[in-house]
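Chain naming here is simple, since letters A, B, ... match the order of the sequence lines and numbering starts at 1 in each.
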Amino acid sequence: MMIEEVADQYNAKKIEKRIHEFWEDNYAYSKVRQHRKGEKKFFFVDGPPYTTGHIHLGTAWNKIIKDSILRYKSMNGHDILDRAGWDMHGLPIEVKVEAALGFKSKKDIESYGVENFINKCKEFALKQKDDMTKQFQELGTWLDWEDPYMTLKDEYIEAAWWTIKQAHEKDLLEVGKRVVNWCPRCETAIADSEVEYEERTDPSIYIKFPLKDKANSFIVIWTTTPWTIPSNIAVAVNPEFEYAKVKAEKNRKTEILIMATELVESVLRKGRYTDYEILETLTGEEVAGLEYEHPLADLVPIQAEMKHHVYTADYVTAENTGCVHIAPGHGVEDFEVGIKNGLPIFCPVSSNGSYTRDAGKYSGMNIRDANPIVIEDLDKKNLLLSEDEISHRYGHCWRCKTPIIYLATKQWFIKISDLKDDMLDEITKVKWYPEWAGSARFKDWIEGARDWCISRQRYWGIPIPVWNCDSCDEIKVIGTREELVKVTGIDSDLELHRPYVDEIIIPCSCGGSMRRVEDVFDVWFDSAVASWATLRFPHTRELFDEWWPADFITEGHDQTRGWFYSQLGASMVGFGKAPYKSVLMHGFTLDDAGKKMSKSLGNVVQPQEVIDRFGADALRTYVLSSSAPWEDLKFNWDEVATIHRTLNILWNVYRFPLPYMALDRFDPNKISFESIVPHLRNEDKWILSRMQSLIVDVNTSISNYELHKVIRSINEFILEDLSRWYIQLIRPRTWNEADDPDKLAVYRVLYDVFVTLTKVIAPFMPHLAEEIYSNIVLNVDKEAPFTVHMCDWPKPDENLRDLELEAQMKTIRYIVEAVSNARQKAGRKLRWPVSRIVIEPENEMVAKATARLKSVLMDQTNTKQVFLVKTGESWEELGVEATPNPSTIGPVFKGDAGKVIKAINAISGNDLKSGLASGSMEIELEDGSIVSITPEMVNFEDKLPKDVASADFTGGKVYVDASLNREIESEGFAREVIRRIQDMRKELDLEVDENIIAHIKIDDERVVDLVLDMETFIAKEVRSKVQVIGYDIEATGKLTKDWDVEGVSMHIGISPADE
RNA sequence: GGGCCCGUAGCUUAGCUUGGUGGAGCGCACGGCUGAUAACCGUGAGGUCCUGCGUUCGAAUCGCAGCGGGCCCA
């Protein structure tokens, strides 16, 4: 086998399909992981995406980051554990299944049967998982897709059970009445993180609560939830505020109203009062203690039996009336005021959002329907001060979009408040990328952490393993299946989901029966235990002891309050320490305007769309390079196209030498690197050095997870070093004779550079790397690992690294650019040689670079000679043009100024320059008088010799002498001819080594003569066997064309020589 | 309303830690190259460095305030 020529253009789709098949057919992933067994352990925990059925750009980016890092780690000698994870329980799937079955409420589920429902959910989740796995695999991501961890597996459920048992044993598990976010449709508590805030219009009403035993006196409150008024128990005021007792007049009637002093004006305006008088002011403390009558006491009988007072609360703000309606059953803060003051937690609302019998008149009514009725009732009693609407952000259930309500219900909690200090301590031990993700963002979140409500009143979730005795109220928490079997003797194959576990009854020591608490876990608790669940703990301890805690995790910044947090909380419960050692927090994908991608905005870009247009490697490279991982990524199609172009260039650079190598049967096994060392040119040493520097740069950047810098370094190497420079330099060498050592040196260097480069790009562009590797390595080396991803990461070879040479080459590139610039000014195109270039270096380094890399410079500038001026000096052929400066001459010479100017103009620039070098110079005016002039009176400018153009570069200045002579014209015209014949060969689609017959008729005898000087050169360049050049000839051939060359018309005919 | 992050050319961005004349790429205009060729190269135009105030001899960079965007919270 030999290295093969590649004829095709870069076709990502084709390559990626082939590589995916290759990986699959050869079990590449598992063999690579196997290959690293026993090396340094690297435990990665995949943050489990929810099984929605489709991935989006953000999840694609997430997995691409993970994959790139893991591939890099693997190549650097790490034994990696990386089970993919799936979050498969919870309300979103229940909602989808309910929708598919046409269900409206929990009742429908109960009548369908919980077992049937659970089976549907499971089936659905598994199907979605399979779909998503395929999508992730299209990205070329390598995780353990064969054996992922799934939250619905019994083995996983046990991990959650074990953890909650730990909580119970450590007295961190608590049950109690709490106000929770409640979805009346799903009939369950939902987590703070499941509440979605959306704009919504609600009533905004001011209500007068009548003070007890004080006729016509009221305390005024404001609310947007009239339906909570039947549940009102108290009013809160801020102890720091000043309140006013106001005599307010409306329609000739007066009332006494109490509210915060600073809000009197605005409240009375709302109530359309016409006049008012502040009778006295009170402190908040003084207002507290007032007793009032419930405004709906006659409609809600229970309320008539309860006392209602005003209390103080620090959280009350100076908004609306400064007096806050308190319904302890319907608000978190209300609940706290209630508990603090020993108030009843009155909650006459049931789980589906309708009033219970306790609500009197309203019982059975839906709370939202009750809003207008409550308002009407208040109005009838003349207790409504004003009625309006307000548009505000209100919480909705993230799944079914129903507005949430707050309900005091019985729930299970983990006492995070007891763990807070330890958590804050633990996060300082974790390495955060970027640093502020931990020290600022996460820390801030933990400081505000509240107890974690882990119970949900649903079906599809991990059942909470708590059994409660119906007679003595004792509770038992089961930690494992084994324990459950031991305690009850049930079938050990029993599935640990509802409804199966619901049926298990555990006998209590009191003689009663323990039944399971019906709740399931909040899904955040599922994923929280991932780091040990993925190690099959507590089912087995072995892996856990070897691997835990995780070396690395990475997720988006939304997971600060999500998975970073839930994992830490659960791990503190289970093990008292953080479950991860380092965390990379990445950003979000936004649309090209920086807006969040969402279905409603219609700006969602699917990863599949990108793959279809540009391929997975382009998508990968784009998302990795576009911004720092922790910054948000503004998706931009043009940028993806640019990245694709870079990959295309890489492909072209790769395939460029292959035809020559194939033709020459180049075999890297036979041409050792040592054997070509004596033939290495400076440019060869340079590209080898750049290659080493690239490895160093990539290592440095990746050690800080600066993946964007990694890709930018690689792209720069491909574009600047390889494509724009090295390949240009070596082109002529590749079409030399068969065993020319100069050519073999190029082959070997290119070969080594490419073998190294495939390894360097492998973690990021795994398909392209594999494709190139399979050709240039597998085709020549039977011993080589069968996939590039099994290779060791290249070590930079310091012997090949020459930073001075790299700097010098950079200078040469600056000079070449400047020469191009000067040529353009002189109107001399590159095809025409120039007789010389002159370089004025600013420092020794530039001079040294020019001397050392002279041949590169001559070659790339197409010059016959390079002159190097001594550092710091000017080119001696440069003339000086002197112009008098009237603005400095005028004030000194006044009326004689004109004569002085005339005199200066008469002296040559060179003479003025040398004369003024000493500081002043005496000159003779036309009237014979002698005056003294100073340097600021003359402006000097360089005067370029004829046909010379100049340009500056970083480090000096270059002059290009574009004057013509016979040799140059001859060569210029010859190249024009060659170029056109090559073009025609291309048009005839001739083989590179095919010979031709050429007839060149030139309608200018002088040019015929010039071209004839280069006859053999032309023949060699275009491979013409027979070649006729002349003025009076016929331009015949298979293909004939007329050309205009610099104003000279030419007629060329060519034919293949063999026909 | 609060916390964290971001704001630099039409677009995507480097520079900011450690203050000293803001660099690239894309796009655009002009030119060049031509055995990588549906590729490639050069030149040019294009900047209130979000705004304001402050510190400083000097601010894209440091501080404060504001505006806009993102995530999270209230």
Check A:Leu707, A:Val640, A:Leu633, A:Asn636 against A:Ser626 for a side chain to side chain contact (heavy atoms under 4.5 Å, CB included) and give me the one that passes.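 Checked A:Leu707, A:Val640, A:Leu633, A:Asn636 against A:Ser626; only one passes side chain to side chain contact (heavy atoms under 4.5 Å, CB included): A:Leu633.
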Distance below 4.0 Å between [X] side-chain N/O and [N] OP1 or OP2:
X: A:Arg975; N: B:U34; answer: no
X: A:Arg450; N: B:A74; answer: yes
X: A:Arg831; N: B:U34; answer: yes
X: A:Arg645; N: B:G27; answer: no

Provide the Watson-Crick or G-U wobble partner of [N], both distances under 3.5 Å; none if there is no partner.
N: B:C11; value: B:G25
N: B:C71; value: B:G3
N: B:U56; value: none
N: B:C16; value: none
N: B:G42; value: B:C30

Heavy atoms only, 4.0 Å cut-off, all strands: where does [X] land among base, sugar-phosphate and nothing?
X: A:Leu719; value: nothing
X: A:Glu1021; value: base
X: A:Glu639; value: base
X: A:Tyr660; value: sugar-phosphate
X: A:Trp630; value: nothing
X: A:Thr734; value: nothing
X: A:Gln982; value: base
X: A:Thr560; value: nothing
X: A:Arg985; value: base

Length of the line joining [X]:[atom1] and [N]:[atom2], which is rounded to integer Å:
X: A:Glu333; N: B:G1; atom1: CD; atom2: C1'; answer: 13 Å
X: A:Asp638; N: B:G27; atom1: CG; atom2: P; answer: 8 Å
X: A:Tyr433; N: B:C4; atom1: OH; atom2: C1'; answer: 20 Å
X: A:Glu716; N: B:U13; atom1: CD; atom2: C1'; answer: 14 Å
X: A:Asp983; N: B:C40; atom1: CG; atom2: P; answer: 18 Å
X: A:Arg828; N: B:G42; atom1: CZ; atom2: C1'; answer: 17 Å
X: A:Asn652; N: B:A38; atom1: CG; atom2: C1'; answer: 10 Å
X: A:Tyr406; N: B:A74; atom1: OH; atom2: P; answer: 8 Å

Between A:Asp664 and A:Lys743 (salt bridge meaning N to carboxylate O under 4.0 Å), is one present in this structure?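 Looking at A:Asp664 and A:Lys743, the cut-off is met.
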So, A:Asp697 and A:Lys709, do they make that salt bridge, N to O below 4.0 Å?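 Result for this pair is no, no salt bridge flagged.
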Among [options], the nucleotide that comes nearest once only the side chain of [X] is considered:
X: A:Glu817; options: B:U43, B:C4, B:A39; result: B:U43
X: A:Lys634; options: B:U34, B:C40, B:U13; result: B:U13
X: A:Phe588; options: B:C71, B:U12, B:G42; result: B:C71
X: A:Asp632; options: B:G42, B:C40, B:G70; result: B:G70
X: A:Arg712; options: B:G42, B:U13, B:C72; result: B:U13
X: A:Arg441; options: B:U34, B:G3, B:C33; result: B:G3
X: A:Thr642; options: B:C71, B:A39, B:G25; result: B:G25
X: A:Ile649; options: B:C26, B:C71, B:A39; result: B:A39
X: A:Gln728; options: B:C40, B:U34, B:U12; result: B:C40

A quick test of your reading: do over 12 heavy atoms of other residues, nucleotides or ligands sit less than 6.0 Å from CD of A:Glu806?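 Result for CD/A:Glu806: enclosed.
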On RNA chain B, does the nearest nucleotide to A:His708 precede the nearest nucleotide to A:Trp445 from the 5' side, or the other way round? Give the residue.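 This one resolves to A:His708.
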Starting at the 5' end of RNA chain B and moving along, which residue's nearest nucleotide shows up first, A:Arg813 or A:Asn648?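 Final value for this comparison: A:Asn648.
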[atom1] atom, [N] versus [M]: distance in rounded Å?
N: B:G52; M: B:A59; atom1: C1'; result: 14 Å
N: B:A9; M: B:A14; atom1: C1'; result: 13 Å
N: B:A60; M: B:U17; atom1: C1'; result: 14 Å
N: B:U55; M: B:C64; atom1: P; result: 15 Å
N: B:G15; M: B:U61; atom1: C1'; result: 9 Å
N: B:C28; M: B:C11; atom1: C1'; result: 12 Å
N: B:C26; M: B:A65; atom1: C1'; result: 36 Å
N: B:U34; M: B:G44; atom1: C1'; result: 24 Å

Checking A:Arg813 side chain against A:Glu720 main chain: does a donor-acceptor pair fall under 3.5 Å?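 Indeed, once roles are kept as given, a pair shorter than 3.5 Å links the two residues.
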Can a donor-acceptor pair be found, under 3.5 Å and without considering hydrogens, that links the side chain of A:Ser950 to the backbone of A:Tyr959?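 Judged by distance alone, no pair lies under 3.5 Å.
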Are side-chain heavy atoms of A:Leu857 and A:Ile839 found at a separation under 4.5 Å?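 Result yes, sub-4.5 Å side-chain heavy-atom pair found.
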Hey, does the Lys NZ or Arg CZ of A:Arg613 hover above the aromatic six-ring of A:Trp637, less than 6.0 Å from the centre and inside 45° of the axis?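 Yes; both conditions hold, so A:Arg613 lies above the ring face of A:Trp637.
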Tell me whether the rings of A:Tyr705 and A:Tyr433 are parallel (<30°), tilted (30 to 60°) or perpendicular (>60°).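 The rings of A:Tyr705 and A:Tyr433 stand perpendicular, inter-plane angle above 60°.
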